[in-house]
S.K.: 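Below is one structure. I have some questions about it.
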There are 2 protein chains.
Amino acid sequence: MTDINFKDSDRVDERAPAAARPVLTDVPEGPVRWDIIELLFFAYRDFVGDADHVLEAFGFGRAQHRVVHFVSRYPGLTVADLLDVLRITKQSLGRVLKQLLDEGYIVQKAGDSDRRQRLLFATAKGEALVVKLAGLQTDRISHALRGMGPGEAEAVSKFLRAMIDRDDPDKVLQTILQAKAGASAKDVT
Amino acid sequence: MTDINFKDSDRVDERAPAAARPVLTDVPEGPVRWDIIELLFFAYRDFVGDADHVLEAFGFGRAQHRVVHFVSRYPGLTVADLLDVLRITKQSLGRVLKQLLDEGYIVQKAGDSDRRQRLLFATAKGEALVVKLAGLQTDRISHALRGMGPGEAEAVSKFLRAMIDRDDPDKVLQTILQAKAGASAKDVT
DNA sequence: AAATTTATGTCAGTCATGTTGACATATCTG
DNA sequence: CAGATATGTCAACATGACTGACATAAATTT
């Protein structure tokens, strides 16, 4: 088999004068974190891979998973909320959402205070799918956290939170970031 | 959740029939880790978002980023290696690779022991792009790790490693997983 | 030496999911 | 009432996955 020639891992970052990055500009220069960058890639690749196999049997893809997941977790989410979370266009969302509605994974209900809004709710069928997929992903997470102390698990959570953009958080993100130890996260509206 | 798809036909003929997922099956039931699942989603969304803006200016997408990143980091990677890492088909890779070759971000060289192989190397231009993008992502990582103790940072690394499938790791993954605390690993074979 | 396997490339078509732009409808708000 | 807002929809297009089939050169096996 072919050898891979390895380069110096932690090279000094000598980028051009870091242009206009509003956030994060005050971060001091340091070695490039190739390790974390690549671990994140592989970890996320395998993390989402868990769900893919099940989704295929349902004729769904990741787009459907994301939508039904967040609707299930945050009942009463509006279309606009969902657009903020997923960062896609309403046309893209519309197509995926229509499938989930047609196949009975999600239902809509007009908002009571604002009847233009379409509040989204997962059906029992939708809930079941979400729980199944989240169970697979939880298996992987539990496996990864096994043997780690509570302080270490807390460090993981703290790290992930700090990786997320805090400027202009949407409703769902706000809920997640505010959720401290063991707060149940339902009801966004 | 962003990209990184699965499915392989064409290649992986000799791989073990991943029918039974041997790992992770013995994990006991427990509460669903909604928190980590969603934190991973948002963290990864923003993590890859950093690079997206720069890539757009180059007329590239995430596919090109992944390819030039791994080629730059692991010079002499073969096409087959890259397919293992990215988990895409050779047809998909071919298109993206051709662009990077045509535009001078990557060069090929026939393998010396096996002249059928095309060893891939990043050019200075390719290196520069990779370092620029990795710098942005490092900024975010450094920001997230700031204020965390060395034990906590180690916990993050340990968690991410444990999130990755260990069965049948490809060459690149093996290298990454073997690299212990700050060791600049060279020569695995 | 011949046959087979392997590493890679390529043509051709399809699908999923993202995009933009334009426009319609209902409803809320000043 | 006038305008802004929340949502839906039509149409076209781009990217990056996919499948299947086939081609070539080089290595390996028989």
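In what follows, every chain begins at residue 1, and chains take the letters A, B, ... in the order their sequences are listed. Fair warning: this is a prediction, and the values are worked out from it, not measured in the lab.
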S.K.: Got a donor-acceptor pair under 3.5 Å from the side chain of Gln108(B) to the base of dG9(C)?
M.R.: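 Donor-acceptor pair under 3.5 Å: no.
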
S.K.: Which nucleotide wins on minimum distance to the side chain of Lys90(B), given the candidates dA17(D), dT7(D), dG9(C)?
M.R.: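 The closest nucleotide is dG9(C).
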
S.K.: Under 4.0 Å between a side-chain nitrogen and a carboxylate oxygen: does that hold for Asp170(B) and Arg87(B)?
M.R.: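 So Asp170(B) does not pair with Arg87(B) through a salt bridge.
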
S.K.: Output a table of nitrogen or oxygen pairs between the protein and nucleotides 25-30 of chain D separated by less than 3.5 Å.
M.R.:
residue: dA27(D); atom: OP1; partner: Arg115(B); partner atom: N; Å: 3.1

S.K.: Against Asp81(A), only a single residue in Lys90(A), Lys171(A), Arg118(A) fulfils salt bridge (charged side-chain N to carboxylate O under 4.0 Å, His left out); can you say which?
M.R.: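 Single salt bridge (charged side-chain N to carboxylate O under 4.0 Å, His left out) partner of Asp81(A) among Lys90(A), Lys171(A), Arg118(A): Lys171(A).
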
S.K.: Just compare dT7(D), dT8(C), dC18(D) and give me whichever is closest to any side-chain atom of Gln117(B).
M.R.: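 Output: dT8(C).
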
S.K.: I want to verify a distance call: between dT17(C), dT19(C), dA17(D), whose nearest atom is closest to the Arg66(A) side chain?
M.R.: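 Nearest to the side-chain atoms of Arg66(A), counting from C-beta on, is dT17(C).
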
S.K.: To the nearest Å, how far apart are Leu119(B) CG and dA7(C) C1'?
M.R.: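 Whole-Å distance recorded here is 12 Å.
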
S.K.: Does the pair Asp165(B)/Arg140(A) count as a salt bridge with the N-to-O cut at 4.0 Å?
M.R.: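 The answer is yes: the pair qualifies as a salt bridge.
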
S.K.: Side chain of Gln91(A): nearest nucleotide among dG20(D), dA17(D), dT9(D)?
M.R.: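 Per side-chain heavy atoms of Gln91(A), the pick is dT9(D).
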
S.K.: Using a 4.0 Å heavy-atom cut-off across all strands, classify Gly61(A) as base, sugar-phosphate, or nothing.
M.R.: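 Here Gly61(A) touches the backbone only, sparing every base.
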
S.K.: Identify every side-chain donor-acceptor pair in residues 94-109 of chain A under 3.5 Å, counting partners at least two apart or on other chains, and give the distances.
M.R.:
residue: Lys98(A); atom: NZ; partner: Asp102(A); partner atom: OD2; Å: 3.2
residue: Gln99(A); atom: OE1; partner: Gln64(A); partner atom: NE2; Å: 3.2

S.K.: End-to-end bend of the helix from dA1(C)-dT30(D) to dG30(C)-dC1(D) (five-pair axes, 10° rounding)?
M.R.: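 About 30° separates the two local helix axes.
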
S.K.: Could you tell me how far apart Leu86(A) (CG) and dT19(C) (P) are, to the nearest whole angstrom?
M.R.: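 Atom CG in Leu86(A) sits about 10 Å away from atom P in dT19(C).
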
S.K.: Whole-Å distance between dA16(C) P and Phe58(A) CZ?
M.R.: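 In whole Å, dA16(C) P and Phe58(A) CZ are 17 Å from each other.
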
S.K.: Can you tell me whether the side chain of Arg95(A) and the base of dG18(C) have a donor-acceptor pair closer than 3.5 Å?
M.R.: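 It does, because a donor-acceptor pair links the side chain of Arg95(A) to the base of dG18(C) below 3.5 Å.
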
S.K.: So how far is it from Asp84(B) CG to Phe70(B) CZ, rounded to the nearest 0.5 Å?
M.R.: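 Between atom CG of Asp84(B) and atom CZ of Phe70(B) there are 12.0 Å.
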
S.K.: According to the interplanar angle, ranging from 0 to 90°, do the rings of Tyr44(B) and Phe47(B) count as parallel (below 30°), tilted (30 to 60°) or perpendicular (above 60°)?
M.R.: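 The arrangement is tilted - the two ring planes meet at 30° to 60°.
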
S.K.: With distance as the sole criterion, is a donor-acceptor pair present between the side chains of Arg146(A) and Ser142(A) under 3.5 Å?
M.R.: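 The criterion, which ignores hydrogens and geometry beyond distance, is not satisfied for Ser142(A) and Arg146(A).
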
